[in-house]
Protein chains: 2
Amino acid sequence: MALEHAILVSLLEKPGSGYELARRFERSIGYFWTATHQQIYRVLKRMENDGWIDVRDVPQQGRPDKKEYSVADLGRAALSSWLQDPIEPESVRHDLAVKIRGAAFDDPTSLIREVERHRQAHRDRLAHYLAGEARDFTPEASTAGPDGPLDAERELQHVVLRGGIAYERMMIGWLDDVLATLARFGPAR
Amino acid sequence: MALEHAILVSLLEKPGSGYELARRFERSIGYFWTATHQQIYRVLKRMENDGWIDVRDVPQQGRPDKKEYSVADLGRAALSSWLQDPIEPESVRHDLAVKIRGAAFDDPTSLIREVERHRQAHRDRLAHYLAGEARDFTPEASTAGPDGPLDAERELQHVVLRGGIAYERMMIGWLDDVLATLARFGPAR
DNA sequence: CCTGACATGTAAGGAGTTACATGATTAA
DNA sequence: TTAATCATGTAACTCCTTACATGTCAGG
């Protein structure tokens, strides 16, 4: 389980509320770890009980009040310990690949549309990542800002983003290959 | 849920027992969908109850008897219906990316070893995939054999394998990038 | 007044993981 | 006799998903 650890990393980068965390999991952290607000609130509660994080009630004007969480010493230690633990290369689950092999036993025309849809989704994500890279990681967008992270933190965020970019490019190329294969073998049957 | 559907595809490609399915999930199907024998037996029982698959007791010599499963009409229909259903591009979970961003808040030396270990695992998998491709998908290894799948089935298996190969190559390249980044920014702190 | 963004939760059910459990046969 | 492979399962627990639920405040 790494949701707790993903939350710890995010809170170390910047303290925030459950709601804010949920939004980060739709954006930057979501590039490599997804979580819904339901999961996040539940885990935050557990982490608070375990003394991993501290809460601070923040009254707000013009908005509902929020609880701002930050990492406690115990949480930092838990993260550190997890970082030392070796993990196994992750197991994959690609519904689309199941469908592609299943297409041999069914009419593939609907699969072609599905693959095109996925290719477009990956193109959109790639464009989104590239825009984020241009915005946050060009030499001009330096760490000089008031909230800008330190060099190492920033570089590590960048290399993870580059991984997302490489992944989307690979997927687009592969889905092109899939479509070419379906075009050659699908209708000919 | 696609485990049921992955099992249906596998049984359509070739009927077999729960044990044989578990082994396939360590090999070809496991490239894009993992499952343990515990899951498989549980799901097989449910699929049998639902009339998706048929069972046949196969007495064996020199081995324990086995139950050979094959896809029934209801199962074929269920697969067909699932193939028509659009699915969302899958959500990712990359522990390693969490660790990389977490390395900004901890000593990165153990992470370097971890990344090197993962890179080796991906190199091994790539070699394994390439060997499988050479064995099963060169022009010489044609469909002429007694158990060889038909052209479309074979081509679709091949394009999924090419996806696995592209994925491993991408990962190896990215992990090289990660190691270079850690070398530049890790020890300098 | 109504919509949308902000903010925080509960409940039920499905899926996956880990540990436990049994038993046959073959080869070293 | 011991290990390895074949073969099939149960139980407990954790995790994730989906649906439901409530409420504030700003702007049109």
Side-chain angles (χ1 to χ4, degrees), chain A residues 1-7 11 15-27 29-30 32-50 53 55-69 82 85 87-95 98, chain B residues 1-7 15-27 29-30 32-50 53 55-69 78 82 85 87-95 98:
Chain A
M1 226 289 273
L3 175 53
E4 305 159 350
H5 305 106
I7 288 175
L11 289 179
S17 68
Y19 188 84
E20 283 162 353
L21 281 170
R23 293 196 56 208
R24 290 183 210 171
F25 275 92
E26 286 167 5
R27 308 186 83 263
I29 317 170
F32 53 90
W33 199 275
T34 55
T36 60
H37 77 274
Q38 292 92 331
Q39 274 179 278
I40 290 165
Y41 284 120
R42 184 156 16 92
V43 173
L44 280 175
K45 192 158 283 181
R46 186 171 71 224
M47 290 168 79
E48 194 196 334
N49 285 335
D50 293 348
I53 51 178
V55 205
R56 193 167 63 92
D57 274 315
V58 179
Q60 295 191 117
Q61 291 191 325
R63 297 177 186 188
D65 298 349
K66 67 174 181 181
K67 299 181 186 172
E68 194 183 75
Y69 292 94
W82 178 73
D85 274 351
I87 48 173
E88 288 316 301
E90 56 280 329
S91 51
V92 283
R93 296 275 163 89
H94 290 305
D95 296 76
V98 178
Chain B
M1 226 289 274
L3 174 54
E4 304 159 350
H5 305 105
I7 289 175
S17 68
Y19 188 84
E20 283 161 355
L21 282 169
R23 294 196 55 210
R24 291 183 209 170
F25 275 92
E26 286 167 5
R27 306 186 80 265
I29 316 169
F32 53 91
W33 201 275
T34 55
T36 59
H37 78 273
Q38 292 92 332
Q39 275 179 277
I40 290 166
Y41 284 121
R42 183 157 15 97
V43 172
L44 279 175
K45 191 157 282 180
R46 187 171 69 224
M47 291 168 79
E48 194 195 335
N49 284 335
D50 292 348
I53 51 178
V55 205
R56 194 167 63 92
D57 276 314
V58 179
Q60 295 190 116
Q61 291 190 325
R63 297 177 186 190
D65 298 349
K66 67 175 181 180
K67 299 181 185 173
E68 192 182 77
Y69 293 94
W82 177 73
D85 274 352
I87 48 173
E88 289 316 301
E90 55 281 329
S91 52
V92 282
R93 296 276 163 91
H94 290 306
D95 297 74
V98 177

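Lettering follows sequence order; numbering is per chain, from 1. We use all heavy atoms of the structure for the numbers below, so side chains are in, but hydrogens, waters and symmetry mates are not.
In this structure the side chain of A/K67 reaches within 4.5 angstrom of the side chain of A/D57, judged on heavy atoms. Here the side chains of A/Y69 and A/I7 are not in contact, with every heavy-atom distance at 4.5 Å or above.
Listed pair A/K67 / C/dG9 meets the phosphate criterion, a side-chain N or O lying under 4.0 Å from OP1 or OP2. Applying the 4.0 Å criterion to OP1 and OP2 of D/dT8, one finds that B/S17 has a side-chain N or O inside that range. For D/dG9, the OP1/OP2 oxygens have no side-chain nitrogen or oxygen of B/Y41 closer than 4.0 Å. The phosphate of C/dT8 has neither OP1 nor OP2 within less than 4.0 Å of any side-chain N or O from A/Y19. Here A/R23 reaches the OP1 or OP2 of C/dC6: one of its side-chain N or O atoms lies under 4.0 Å away.
Across its full length, the helix from C/dC1-D/dG28 to C/dA28-D/dT1 shows an angle of 20° between the axes of its 5 terminal pairs at either end, rounded to 10 degrees.
The CZ atom of B/F25 sits 14 Å away from the P atom of C/dA15 (whole-angstrom rounding). Protein atom CH2 of B/W33 is 15 Å distant from nucleotide atom C1' of C/dT17, rounded to whole Å. The CG atom of A/N49 sits 15 Å away from the C1' atom of C/dG9 (whole-angstrom rounding). The CG atom of A/L21 sits 12 Å away from the P atom of C/dA7 (whole-angstrom rounding). Counting to the nearest Å, the C1' atom of D/dC25 and the CG atom of A/D65 are 11 Å from each other. Atoms CD (A/E68) and P (C/dA7) sit 11 Å apart, rounded to a whole Å. Look at CD on B/E4: it is 13 Å from C1' on C/dG16, rounded to the nearest Å. Rounded to whole Å, the distance from NE2 on B/H5 to P on C/dG14 is 15 Å.
For A/Q38, the side-chain contact (heavy atoms from CB on, under 4.5 Å) partners two or more places apart in sequence, or in a different chain, are A/T36. Under the side-chain contact (heavy atoms from CB on, under 4.5 Å) criterion, A/H37 pairs with A/A22, A/Y41, not counting sequence neighbours. In this structure A/P89 satisfies the side-chain contact (heavy atoms from CB on, under 4.5 Å) test together with B/H118, B/A121, B/R125, sequence neighbours excluded.
The local environment of CZ in A/R93 is crowded, with over 12 non-hydrogen atoms from other residues, nucleotides or ligands closer than 6.0 Å.
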Could you pull out the protein-nucleic contacts involving nucleotides 17-19 of chain D (nitrogen or oxygen on both sides, under 3.5 Å)?
from   : atom 1 : to    : atom 2 : distance (Å)
D/dT17 : OP2    : A/Q39 : OE1    : 3.3
D/dT17 : O4     : A/R42 : NH2    : 3.3
D/dA19 : N6     : A/Q38 : NE2    : 2.8

Protein proximity profile, nucleotides 23-28 of chain C - base contact B, sugar-phosphate-only contact S, no contact -, cut-off 4.0 Å on heavy atoms: B-SS--
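Between the B/D65 side chain and the B/Q60 main chain, a donor and an acceptor come within less than 3.5 Å of each other.
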